[in-house]
Amino acid sequence: MNLADYDSQRIEAKWQKIWEEQGAFRADDGDAARPKYYLLEMLPYPSGTLHMGHMRNYTIGDAVARYKWMCGYNVLHPMGWDAFGLPAENAAIKNGTHPRDWTNANIVEFRRVLRRFGFSYDWRREISTCDPEYYRWNQWFFLRMLEKGIAFRKKSKVNWCPECATVLANEQVIDGFCWRHETTQVEQKELDQWFLRITQYSDELLEDMSQLADGWPERVLVMQRNWIGKSRGARVRFDVAGMKDRSLEVFTTRVDTIYGASAIVVAAGHPHVAALLEGVPGRAAMEAQLKAMRQKSMRAADIATAEKEGFFTGRFAVNPFSGAQVPIWVANFVLAEYGTGAVMCVPAHDQRDFEFADKYGLPVKIVVQPAQGAPLRADRMNEAYTEHGRLVESGPYTGLTSDAAIEKMAADAKSKSFGEAETTYRLKDWGISRQRYWGTPMPVIYCEKDGIVPVPDDQLPVRLPEKVALTGQGQSPLASVPEFVNTKCPKCGGAARRETDTMDTFVDSSWYFYRYTDPQNDKAPYDKAKVGYWFPIDQYVGGITHAILHLLYSRFFCKVMRDLGLVKHDEPIARLFTQGMVQKGGVAMSKSRGNVVGAIEMADKYGCDTGRMYTLFAAPPEKDLEWSEQGIEGSARFLNRVYRLVEKHAERLRGIPIDWNARTDFAQATAKEKTLVRKAHQTLKRVTNDFEVRWHFNTSIALLMELVNELHAQEPLDQEVSPVVLKRVLTIMVLMLSPMTPHIAEEMWEILGNSGTISRAKWPAYREDLTREEQVEVIIQINGRLRGKILVDDGLGEDETKERALGDARIAPLVSGKEIVKTVVVPKKLVNIVLR
RNA sequence: GCGGAAGUGGCGGAAUUGGCAGACGCGCCAGCCUUAGGAGCUGGUGGCCGAAAGGCCGUAGGGGUUCGAGUCCCUUCUUCCGCACCA
């Protein structure tokens, strides 16, 4: 860059120091005089280096926070560290450092980078989840949940990642692979585990989404809805012919089609399969097929496209409604984990069953006919009819609608005790045990005599021991630390052992935003009055990657906390914004891909204001952004251009006072002044709108560029422009720039001779009367095609506008001799003359 | 397969309510300034025809509604994201 460039490094350091000294961004707990605004960005996991992908999140948040400050809000804008987790431990195993030292070093670096960008955080509220004063409250919440039965222990099959050497939550398993290790297949292990009973809130998590419909992206809600996976249906028991002690339960959402069942199909992993095959002819061959089915890939994508395969077991089941006997099959398309692991096969009314029946020659029996149109014929169907309709050939239910039949049949099944209505969910309880060191210890003690004993509140926090051997192998590292494990039972005082598992780190991030309201509290997780003042979070900004895990867990925590009387609201986050990724070369920036643009390097080269500006300008914030070195030079060029403009006129304007209340007298204004004032207020109107409703900072910046271009076009600005007018226009411009590029804005504010800092200044109000043009351009169309333009006075009436259009020298000859069918006049916009 | 989002110049993108398509920026071209330019300033820049005036075409493809469609409706295609034999 050039010598004449503004000195971004000096200016940025200067203003960051001043903001720090004056405590410019300190949130004021409980200020009743101003409306509050809680703006939150997702807290980072401090690892590696911060690149521009991270910075985009904070830049968007900071622009909004600063704008809200200027609009008079009491803004809470905090930052902290999601500091527990596997990478710290893996680094420790690899390099022999302590996870705490590794983490703390990263935090120091992250803090340095975020400060280098001048984000408006209230740093007094900084939290770190690995701080014992933080995680003690994880333990405290856990104990409260234990008392309520929300936290519980059970032996269960768990997802085990051999690479992480720990358990994964269902949410952390993607298509059978670990979310951290895309090529590591997750194994199943049977272990004693701690769970949080999130399923108790399934319905509420689903229903309360209606409270979020206005403020959350639709796709996040859709993802959560799918994840919860509520399905209303019925459970029906089929007796197995010739086996008195065996029956098969099926789950179905379409019990109304049960008279059309041609078979019962069970999953290969169904617990009764072995018993069913007992003593049937051809058993050996079946066992072989069964084994093959069980060994098939776990990948969901493969399963979905796999050919349907199955075999007849030789046994029959009895349809409890019709008494008909149907064959029992085993097939690969039935999932052991979902519903009851067995389904009724109704080829006429389920596409999967149709395909299966087609392959194996099972009969297709129509029992639901469409309400309208021609009736179906089994011999002419090439796909299943899956819509609702009216029942046929269904015994006493014939003639009912599907809806009525579903209800009645479930009720009848219940009264005859072979089934009942049931709702199933895909959502499973949240397993939070991790066999790792770098996490929150579970505050539980096992005593021979008293069993599971909670650690008393006054003994919290249960601290992680300093010295531990980290090998990455096998059991929980804490199990190998005798001084941690061996303790006394709080009840009987006898020898006892501590729980050695630690908590999933998603526990830490499920409530951290409450702690920001009262980060130093050592009596409680927070003061209820403070949370009452600040909550809910007005705006949360983060990546779409957390659409399910973090955001669902946070919602769940909130509901538990509400039921514990700790908060009053149902939902913690009123509005959510998911920003797009920053890419380079078409893929997301990441260390592993080696395509990162380091934040510090960027700031050293161009200044952080330039980085901020480019980040906001290159794309609307919800879309992915491709990083371009040429693009950022364009932003640098613009900031230089603005700065030079202000600098050039600053001396003359420095002593001119600004009186915002003084009316601009347009009657006496010069043409130049009118143009500039109008442009300034038009820009202000639209930029204000961008901040208020659209968050399209890219268009705000484009508008500011237009304003600067106009100022250049009107040079020389020391002729026919009064200093008062010019100073106002420049000041408005600088104010509009300030949420996005705060440092250079402060500097320009200062050299223009304004008092105080911009961070304390008020966002200017645009004046509608000053945005209006005296004359407007009206386009003239003939048959919808552009044929001319005229300049008319703003207030000109419809008829006069029409007259002017028809009289226009270009238009008149085109119209003459033709019949005018119709003329459409849109005031200030256009005249469309329709000719025959 | 189901659900969601999207498709506009060489590129990023704009068009807020159905009313001049391509704002603003990048890149490119020309000129000015300069000892120099990877600085700054000025102008040009969707395609085709034309010396020009101007005309025609143009927002993934096709159809429709309308005086008027990037925008609304139907349909096809493509890309991305989520879910996925969920019974």
Side-chain angles (χ1 to χ4, degrees), chain A residues 1-5 175 217-227 229-231 233-234 250-255 257 265 267 300-301 303-308 331-335 337-346 349-353 355-356 386 424-426 544 547-548 613-614 617-620 622-635 637-638 640-641 644 686 689-690 693-694 696 698-706 708-709 712-713 715 777-789 821-826 828-835:
Chain A
M1 286 275 130
N2 172 284
L3 286 175
D5 286 355
D175 290 343
E218 172 69 16
R219 59 181 181 145
V220 174
L221 297 178
V222 167
M223 280 190 239
Q224 293 208 357
R225 201 171 288 125
N226 287 342
W227 190 262
K230 183 174 183 172
S231 176
V250 302
F251 175 73
T252 177
T253 56
R254 292 297 303 276
V255 68
T257 65
V265 187
I303 294 166
T305 52
E307 176 84 0
K308 289 181 177 48
N332 62 349
F333 72 96
V334 178
L335 303 173
E337 313 80 49
Y338 185 78
T340 59
V343 301
M344 58 183 203
C345 175
V346 185
H349 304 295
D350 181 286
Q351 186 57 28
R352 292 156 302 183
D353 296 345
E355 287 163 23
F356 189 67
T386 57
T424 62
Y425 298 86
R426 211 181 85 111
I544 187 75
I548 298 172
M613 165 139 295
Y614 176 70
F617 179 58
E622 71 278 5
K623 282 186 64 172
D624 288 345
L625 181 159
E626 176 67 25
W627 189 266
S628 145
E629 205 60 25
Q630 284 171 338
I632 195 155
E633 280 176 10
S635 294
R637 206 141 53 209
F638 171 67
N640 278 315
R641 196 164 136 91
R644 275 198 312 272
R686 295 180 59 189
N689 184 55
D690 280 348
V693 304
R694 297 206 320 162
H696 278 198
N698 56 327
T699 56
S700 295
I701 292 169
L703 290 162
L704 284 159
M705 287 172 169
E706 281 189 49
V708 172
N709 291 345
H712 272 272
E715 288 276 17
E777 196 177 58
V778 169
I779 62 160
I780 307 169
Q781 295 177 331
I782 292 176
N783 290 340
R785 304 179 77 95
L786 181 67
R787 284 294 181 265
K789 295 174 184 180
V821 180
K822 182 178 181 179
T823 310
V824 180
V825 180
V826 182
K828 298 189 198 186
K829 287 267 163 75
L830 61 66
V831 176
N832 188 11
I833 303 157
V834 186
L835 300 179

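The sequence lines fix the lettering, A, B, ..., with proteins before strands; numbering per chain opens at 1.
Using a 4.0 Å heavy-atom cutoff across all strands shown, A:Q630 reaches sugar-phosphate atoms only and no base atom. When heavy atoms are screened at a 4.0 angstrom cut-off, A:N709 is found touching the sugar-phosphate backbone but no base atom.
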Could you go through nucleotides 10-14 of chain B and list every protein N or O atom that sits under 3.5 Å from one of its N or O atoms, giving the distance for each pair?
unit_1	atom_1	unit_2	atom_2	d
B:rG12	O2'	A:A618	O	2.5
B:rG13	O3'	A:N698	ND2	3.3
B:rA14	OP1	A:N698	ND2	3.0

Protein-nucleic acid N or O pairs under 3.5 Å, nucleotides 17-20 of chain B:
unit_1	atom_1	unit_2	atom_2	d
B:rG19	N2	A:Q781	OE1	3.3
B:rC20	O2	A:K789	NZ	3.0
B:rC20	N3	A:E777	OE1	3.3
B:rC20	N4	A:E777	OE1	3.1

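Applying the 90° cutoff around 0 to the glycosidic angle, B:rG7 is assigned anti.
Scored by the ring-ring contact (aromatic ring centres under 6.0 Å, His included) test, A:F617 finds no partners at all (sequence neighbours excluded). Not counting sequence neighbours, A:R787 has no partner by the side-chain hydrogen bond (donor to acceptor under 3.5 Å, both in side chains) test. Applying the side chain to side chain contact (heavy atoms under 4.5 Å, CB included) rule to A:T386 yields the partners A:A384; only residues at least two apart in sequence or on another chain are considered.
Separating the CZ atom of A:R219 from the P atom of B:rG4 is a distance of 14 Å, rounded to the nearest angstrom. Atom CD in A:E706 sits roughly 8 Å away from atom P in B:rG25 (whole-Å rounding). If you take CZ of A:F333 and P of B:rC86, they are 10 Å apart, rounded to a whole angstrom. Summarising the geometry, the separation between CD1 on A:I782 and C1' on B:rC67 is reported as 13 Å, rounded to the nearest angstrom. Summarising the geometry, the separation between CD on A:Q351 and C1' on B:rC2 is reported as 13 Å, rounded to the nearest angstrom. Going from atom NE2 of A:H712 over to atom C1' of B:rG43 covers 16 Å, rounded to whole Å. One can place CG of A:D690 at 13 Å from C1' of B:rA23, the figure rounded to the nearest angstrom. Separating the CG atom of A:D5 from the P atom of B:rG37 is a distance of 18 Å, rounded to the nearest angstrom.
When side chains are defined from C-beta on, A:R641 counts as touching A:N709, because their heavy atoms get closer than 4.5 Å.
Taking atom C1' on both B:rG13 and B:rC24, the two are 8 Å apart, rounded to the nearest angstrom.
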Which donor-acceptor pairs under 3.5 Å do the side chains of residues 777-784 of chain A make with protein atoms, sequence neighbours left out?
unit_1	atom_1	unit_2	atom_2	d
A:N783	OD1	A:L835	N	2.8

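A donor-acceptor contact under 3.5 Å is not formed by the side chain of A:K822 with the base of B:rC67.
Within the shown strands, B:rC67 is the pairing partner of B:rG19 under the Watson-Crick or G-U definition, both distances less than 3.5 Å.
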